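Below: the structure, in structure tokens.
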Amino acid sequence: MSRYNPREAEPKWQAAWAERDAFRAHGPGADSPRPKYYVLEMFPYPSGRIHVGHSRNYTMGDVVARYKRARGFDVLHPMGWDAFGLPAENAARDRGVHPGQWTYDNIAVMRDQLQRLGLALDWSREIATCDPDYYKHQQAIFLKLLERGLAYRKTAKVNWDPVDQTVLANEQVIDGRGWRSGALVVQRELDQWFFRITDYADELTDAIDGLERWPDKVRTMQSNWIGRSRGAEVRFPLLDADLAARFGRTIDVFTTRPDTLFGASFLALAPDHPIVKALAEDDPEIDRFCHECARMGTSEEEIEKAPKRGVDLGIKVRHPFDENWEIPVWTANFVLSGYGTGAIFGSPAGDQRDLDFARKYGLPVTPVVLPPNTDASTHTIEDEAYTGHGTIYNSKFLDGLPTEDAIERAIEELESRELGKGATSYRLRDWLVSRQRYWGCPIPVVHCSDCGVVPVPHDQLPVKLPEDVTFDHPSNPLERHPTWKHVDCPECGKPARRETDTLDTFVCSSWYFLRFASPFSADKPFEAGDVEHWLPVDQYVGGIEHAILHLLYARFFTRALNDSGLMNMAAGEPFAGLFTQGMVTHETYKSAEGKWLSPDEVEYRDGKPVEIATGRPVTVGAIEKMSKSKKNVVDLDAFIESYGADAARWFVLSDSPPERDVEYTDSGVEGVWRFIQRLWTTVTALPETAPGPMTEADIASGEALDIRRSAHKALKSVTESIEGFRFNSAVAQVHDLVNVLRKYEPADPVGIAAKAEALGILVRVIAPFVPHLAEECWSRLGGEGLVIDAPWPEADPALLVEDTVTLPVQVNGKRRAQIDIAKGMPEDEVKSVALALDGVVRATEGLTVRKVIVVPDRIVNIVAG
RNA sequence: GCGGGCGUGGCGGAAUUGGUAGACGCAUCAGACUUAAAAUCUGCCGGCCGCAAGGCCGUGCCGGUUCGAGUCCGGCCGCCCGCACCA
């Protein structure tokens with residue numbers, strides 16, 4: 001019996017698909033009227049080689065692409081390279097190879113690997129973001145945003161990564177450390193470029209509700225990240241006329257609880273608030289305090305442990321609702337300059353931090369919110385603030401109002417006195433996009449001492465990166481380049497300085513999905529008609545690690561480009577459906593010397609892991625996601641060489657639900673190999689003279705009918721599983737069908753025809769998962785053309801319904817018997833049959849039957865007591 | 001602290017509107033074929049009692065709703081993820 005040989009079959013079918021240009025997307029203006037479907041996996045960073053872990057993401061997208069194609073859609077399934085980034089510069093430094101060379105070499109290797117995986121990609125649309133043909137459009141987009149005021153330059157306190165020698169966006173700082181280097185980030189005042197993402201904070205929040213095909217988790221994370229909170233801005237008039245003259249008439253404060261204004265006992269300003277800074281110049285105590293705060297770390301732990309501290313600034317403000325009420329102003333270490341106005345009013349009874357602070361410094365504590373079902377005469381605040389809602393008291397005109405109403409009433413009063421207004425505050429900051437790195441998209445402006453910031457004229461784009469750069473120093477090679485930055489001002493012609501910052505690589509990935517829809521446009525980033533046709537992406541597949549950064553930036557970009565007139569994308573949202581897939585994990589190994597070992601350096605001898613090269617024992621570590629740093633990767637080429645691409649595809653989809661991690665094990669892979677061979681044997685067991693698989697078998701009864709039923713039922717459930725992104729269930733259902741078919745050995749023509757039909761269904765159903773094996777089987781079965789061109793089969797409804805059904809019979813909720821009945825048997829009849837069953841008689845002995853519940857064709861429950 | 005998710009055999013997991021808990025796969029064990037091994041095939045496989053028929057228990061814990069709960073409700077416990085002195 002012949003075995004299925006993927007090494008022969010896979011290249012053969014890949015060549016057949018390529019020859020037909022089978023996966024080219026057609027798009028607007030095509031003759032075919034097929035509806036569009038855009039499926040996209042987050043494009044890879046070309047870091048070296050693809051391992052089995054990476055392949056899961058692409059395989060999931062490919063299943064969707066091939067399935068939708070079989071369903072008659074015009075599918076756009078492109079691939080490209082997120083090719084700018086710091087690792088290329090590190091490689092340049094460590095190995096003396098140019099970042100561009102390193103990147104393009106990696107791309108060549110990885111493209112080849114993806115092609116061997118048999119992905120149904122339209123390679124004619126391939127893009128690399130480091131290609132001047134890509135980044136020139138990005139520069140044009142930048143200039144458009146600059147023109148619209150959505151890109152701007154300002155001096156700001158920014159996150160500086162001392163290892164990577166560059167600034168980072170807030171989103172790229174995790175627990176006070178740089179997301180790539182892991183170095184503690186320091187704050188620096190620098191002149192930097194920003195995108196005005198905060199202009200869209202409201203829209204980006206509101207639209208989250210409409211993202212119905214996104215995971216709830218991601219939606220929540222985005223919403224929390226933007227962090228919209230509604231409340232009021234309150235202006236506290238400064239009492240000292242001198243101070244008012246210096247700092248403005250009022251100190252402004254943001255609060256979500258203006259209803260608690262009558263509980264105010266102090267104001268607290270951030271240590272780097274302008275007023276505090278000014279006062280610190282004359283007051284050594286304030287100055288010392290500010291310096292201490294600046295030194296304090298930003299890590300979670302330090303913040304948690306740091307006690308509330310502050311210094312009385314010695315100035316006073318007036319309460320907005322009471323001419324005679326003076327409130328002291330402090331500076332405090334728990335007030336953040338970056339949020340709201342950098343100042344708060346302390347309402348100790350309703351906020352734990354304010355309470356801790358007030359208790360420490362002996363400031364008054366007046367409860368103003370009465371919790372529900374509490375007596376005003378006995379309610380007191382000791383060491384625990386009441387932060388909930390309730391009824392307002394001790395608050396003059398707000399007394400008796402529920403807190404929600406009091407918030408509105410207080411805002412009205414503030415507005416009528418012109419001492420405040422309703423306001424919204426956000427956690428989100430503007431996106432810092434400039435990086436002091438070489439391998440990125442140059443920001444296309446020139447700094448002229450006379451004309452200021454001057455955009456590079458369109459006909460001079462792209463501003464190309466210079467080739468002759470060195471990486472012998474950690475600072476920006478563009479800055480150090482002897483000539484590159486020296487240019488004449490495009491406006492006045494005088495000597496000027498080219499901008500040496502490049503754009504954050506997340507800018508490249510904020511619009512690549514638009515370029516995929518229109519990759520052939522030479523003069524424009526994209527043709528509006530193309531993106532309006534293809535977008536939104538119907539199904540986006542990627543890792544959860546991009547839940548905030550990339551997805552938020554892309555949502556912002558789509559809106560900014562819409563508003564800039566470059567397109568008019570009705571949906572507004574770039575990604576209609578999002579799926580965040582789990583990782584492939586693997587055991588980790590460490591040698592006797594404590595070095596990480598890759599799985600192919602380790603083997604088990606007598607059940608004990610040893611290092612093959614030395615024979616010494618190996619320590620097995622945690623099961624973690626495959627990553628280069630831990631070396632627990634299985635190279636895709638090596639895997640394909642041994643088991644084939646289909647085995648890799650089938651494996652990464654088996655067992656675990658797609659959104660969860662799946663563990664790579666050798667035995668699991670062996671299981672996949674067995675399955676592939678069994679499937680092949682099942683197909684080849686059918687006589688070659690059997691009628692083609694498209695033949696409708698004319699069968700009404702017996703085993704042959706059961707076979708047809710099994711096939712049509714499996715077809716229905718696999719289809720539903722694919723639609724619902726439950727690939728592991730689809731795999732199990734296919735296993736089931738194969739188990740049924742391989743045991744069925746028909747002798748007569750009717751049975752053979754039924755099996756042929758069932759196999760024909762099976763092969764078309766597995767085609768999105770294991771496309772090469774499916775082609776080989778299709779060909780063996782005598783199917784017409786290629787299986788990729790065969791339409792998705794339709795389940796025959798008549799074969800999905802059984803004429804008999806097995807009914808479990810319960811007594812008091814416990815299963816005691818079962819009966820086979822004709823479907824749709826009248827309830828009375830079911831009842832009497834059920835009551836006569838042996839098991840039921842035994843279980844009801846000595847009891848009175850009180851009630852019989854019959855759920856038609858599902859279950860019988862007899863209540864007895 | 002706030003927000004989101006999860007908890008089912010030795011393991012990964014299935015059970016989508018409440019209706020036979022454990023599909024499918026992996027591992028282990030037993031058997032067939034073989035001189036032997038590999039490969040392949042067959043079978044058992046949640047726990048306890050029983051020769052068997054069968055019975056009892058069982059989806060993190062406690063309680064509730066229901067004829068019936070892995071699924072719904074309330075309260076705990078544990079784990080994972082995100083955010084965090086955010087006013």
Side-chain angles (χ1 to χ4, degrees), chain A residues 1 3 174-175 215-225 227-229 231 253-257 260 268 270 298 300 302-308 332-336 338-347 350-354 356-357 387 425-428 544-545 547-548 651 654-657 659-663 665-672 674-675 677-678 681 717 720-721 724 726 728-739 742 806-818 838-839 842-843 850-855 857-865:
Chain A
M1 191 189 320
R3 291 177 53 95
I174 296 137
D175 282 342
D216 284 344
K217 182 186 172 113
V218 176
R219 303 202 303 175
T220 313
M221 281 167 73
Q222 293 237 335
S223 176
N224 290 345
W225 186 265
R228 174 165 72 189
S229 50
V253 155
F254 175 76
T255 178
T256 55
R257 295 296 296 271
T260 64
T298 46
E300 185 181 324
E302 286 175 273
I303 288 165
E304 200 77 22
K305 277 189 293 196
K308 310 279 170 280
N333 61 349
F334 65 93
V335 183
L336 305 173
Y339 185 76
T341 61
I344 61 154
F345 81 85
S347 189
D351 183 291
Q352 193 59 45
R353 289 158 311 175
D354 295 353
D356 294 346
F357 192 78
T387 56
S425 194
Y426 305 91
R427 218 185 70 94
L428 183 70
I544 187 75
E545 68 273 18
I548 295 172
F651 177 81
S654 300
D655 290 342
S656 288
E659 67 277 13
R660 249 184 262 177
D661 289 350
V662 63
E663 191 194 342
T665 58
D666 290 335
S667 54
V669 174
E670 295 295 337
V672 167
R674 270 199 296 275
F675 163 76
Q677 294 302 336
R678 266 206 300 261
T681 328
S717 50
E720 286 169 359
S721 293
R726 291 183 300 273
N728 58 323
S729 295
V731 165
Q733 289 145 359
V734 168
H735 269 288
D736 244 346
L737 179 59
V738 172
N739 285 342
R742 62 198 271 259
T806 304
L807 227 53
V809 181
Q810 300 179 328
V811 176
N812 291 334
K814 291 200 168 109
R815 200 186 73 92
R816 295 297 176 193
Q818 60 182 40
D838 277 355
R842 220 179 306 126
R850 300 194 193 282
K851 201 169 164 189
V852 178
I853 290 144
V854 178
V855 183
D857 299 335
R858 282 219 94 134
I859 202 167
V860 180
N861 192 11
I862 294 156
V863 187

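Computed from a prediction, not measured in an experiment: that's the story for all the values here. Naming: A, B, ... by sequence-line order, numbering from 1 per chain. Values below: all heavy atoms of this structure, side chains included; hydrogens, waters and symmetry mates excluded.
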>> Less than 4.5 Å apart, side chain to side chain, heavy atoms only: is that true for A/N728 and A/R660?
In response: no
> Can you tell which of B/A87, B/C83, B/U40 lies closest to the side chain of A/R674?
Replying inline: B/U40
> When we call it a touch if two heavy atoms are under 4.0 Å apart, what does A/D354 touch: a base, just sugar-phosphate, or nothing?
Replying inline: nothing
> At what distance, to the nearest 0.5 angstrom, does CZ of A/R257 lie from OG of A/S229?
Replying inline: 12.5 Å
> Can you tell me how far P of B/U40 sits from CD of A/Q677, to the nearest Å?
Replying inline: 9 Å
> Checking all strands, does A/R850 fall into the base, sugar-phosphate, or nothing category for heavy-atom contacts under 4.0 angstrom?
Replying inline: nothing
>> Just so I know, are the side chains of A/F357 and A/N333 near enough to count as touching, which here means a heavy-atom distance under 4.5 Å?
In response: no
>> Looking only at the side chain of A/R3 (C-beta and beyond, no hydrogens), which of the listed nucleotides B/C24, B/A39, B/G13 gets closest?
In response: B/A39
> Should the ring pair A/F254 and A/Y339 be called parallel, tilted or perpendicular, given that the plane angle runs from 0 to 90° and is split at 30 and 60?
Replying inline: perpendicular
>> Could you identify the nucleotide paired to B/C26, looking across every strand shown and requiring Watson-Crick or G-U wobble geometry with both distances under 3.5 Å?
In response: B/G10
> Which nucleotide in the set B/U42, B/A84, B/C26 lies at the smallest distance from any side-chain heavy atom of A/R742?
Replying inline: B/U42
> B/A87, B/G55, B/A14: which one has an atom nearest the side-chain heavy atoms of A/R816?
Replying inline: B/G55
> A/L807 or A/R353: which one's nearest nucleotide on RNA chain B is closer to the 5' end?
Replying inline: A/L807
> For B/C83, what is the paired nucleotide under Watson-Crick or G-U wobble rules, both distances under 3.5 Å?
Replying inline: B/G1
> To the nearest angstrom, how far is A/L737 atom CG from B/G25 atom P?
Replying inline: 12 Å
> Of the candidate nucleotides B/G3, B/A14, B/C24, which contains the atom at the shortest distance from the side chain of A/N224?
Replying inline: B/G3
>> In this structure, how many angstroms lie between the C1' atom of B/C85 and the CZ atom of A/F345, rounded?
In response: 17 Å
>> Looking at A/N861 and A/I853, would you say the former's side chain and the latter's main chain have a donor-acceptor pair under 3.5 Å?
In response: no
>> Side chain of A/D736, heavy atoms from C-beta onward: which of B/C24, B/A84, B/G55 has the nearest atom to it?
In response: B/C24
> How far, in whole Å, is B/A69 from B/C61 if one measures between their P atoms?
Replying inline: 15 Å
> How far, in whole Å, is B/G4 from B/G18 if one measures between their P atoms?
Replying inline: 23 Å
> Side-chain N or O of A/K814 less than 4.0 angstrom from OP1 or OP2 on B/C57?
Replying inline: yes
> Of A/T341 and A/A732, whose closest RNA chain B nucleotide lies nearer the 5' terminus?
Replying inline: A/A732
> Rounding to a whole Å, what distance do you find between A/F651:CZ and B/G25:C1'?
Replying inline: 11 Å
> B/G22 and B/G13: how far apart are their C1' atoms, nearest whole angstrom?
Replying inline: 10 Å
> Taking the P atom of each, how far is B/G25 from B/C45, in whole Å?
Replying inline: 15 Å
>> Do A/Q352 and A/T387 make a side-chain contact, defined as non-hydrogen atoms from C-beta onward lying under 4.5 Å apart?
In response: no
> Are A/R816 and A/R842 close enough that some pair of their side-chain heavy atoms sits under 4.5 Å apart?
Replying inline: no
Give each protein N/O atom lying under 3.5 Å from an N/O atom of nucleotides 63-69 of chain B, with the pair distance.
{"from": "B/C67", "atom 1": "O2'", "to": "A/N861", "atom 2": "ND2", "distance (Å)": "3.0"}
{"from": "B/C67", "atom 1": "O2", "to": "A/N861", "atom 2": "ND2", "distance (Å)": "2.7"}

> Counting side-chain heavy atoms from CB outward, which of B/C24, B/G12, B/A14 is closest to A/H735?
Replying inline: B/C24
> Separation of A/K217 atom NZ from B/C80 atom C1', in whole Å?
Replying inline: 8 Å
> Would a 4.5 Å heavy-atom cut-off, applied to side chains only, mark A/S721 and A/Q733 as touching?
Replying inline: yes
>> If you only use heavy atoms from C-beta on, which nucleotide in B/C41, B/U20, B/C24 is closest to the side chain of A/R815?
In response: B/U20
> Counting side-chain heavy atoms from CB outward, which of B/A87, B/C41, B/G54 is closest to A/R842?
Replying inline: B/G54
>> Nearest to the side chain of A/Y339, heavy atoms from C-beta on, is which of B/G25, B/A87, B/G4?
In response: B/A87
> How many Å lie between CZ on A/R427 and C1' on B/C2, as a whole number?
Replying inline: 12 Å
>> How many whole angstroms separate atom CG of A/L336 from atom C1' of B/C83?
In response: 14 Å
> Contact class for A/V335 (heavy atom, under 4.0 Å): base, sugar-phosphate, or nothing?
Replying inline: base
>> Give me the distance, rounded to whole Å, that separates B/G9 from B/G1 when you measure between the P atoms they each carry.
In response: 29 Å
> For the residue pair A/S654 and A/V731, what are the closest heavy atoms and their distance?
Replying inline: OG-CG1, 3.6 Å
>> Check whether A/S656 reaches the backbone of A/D661 with its side chain - one donor and one acceptor, N or O, closer than 3.5 Å.
In response: yes
>> Using OP1 and OP2 only, check whether a side-chain N or O of A/R219 sits under 4.0 Å from B/G4.
In response: no
>> Please report the distance separating the C1' of B/A87 from the corresponding atom of B/G7, rounded so that it comes out in whole Å.
In response: 37 Å
> Is there a Watson-Crick or G-U wobble partner for B/C51 with both distances under 3.5 Å, and if so, which one is it?
Replying inline: none
> If we take the C1' atom in both B/C80 and B/A36, what is their distance in whole Å?
Replying inline: 50 Å
> Do the non-hydrogen side-chain atoms of A/V863 and A/N812 ever get within less than 4.5 Å of each other?
Replying inline: yes
> Taking syn as any angle within 90 degrees of 0 and anti as the rest, which one fits B/G12?
Replying inline: anti
>> What is the separation between atom CZ on A/R257 and atom P on B/A87, rounded to the nearest whole Å?
In response: 11 Å
> When rounded to the nearest Å, what value does the distance between P atoms of B/G10 and B/G46 take?
Replying inline: 9 Å
>> Can you see if the side chain of A/N728 gets near the phosphate of B/A23 - specifically, an N or O under 4.0 Å from OP1 or OP2?
In response: no
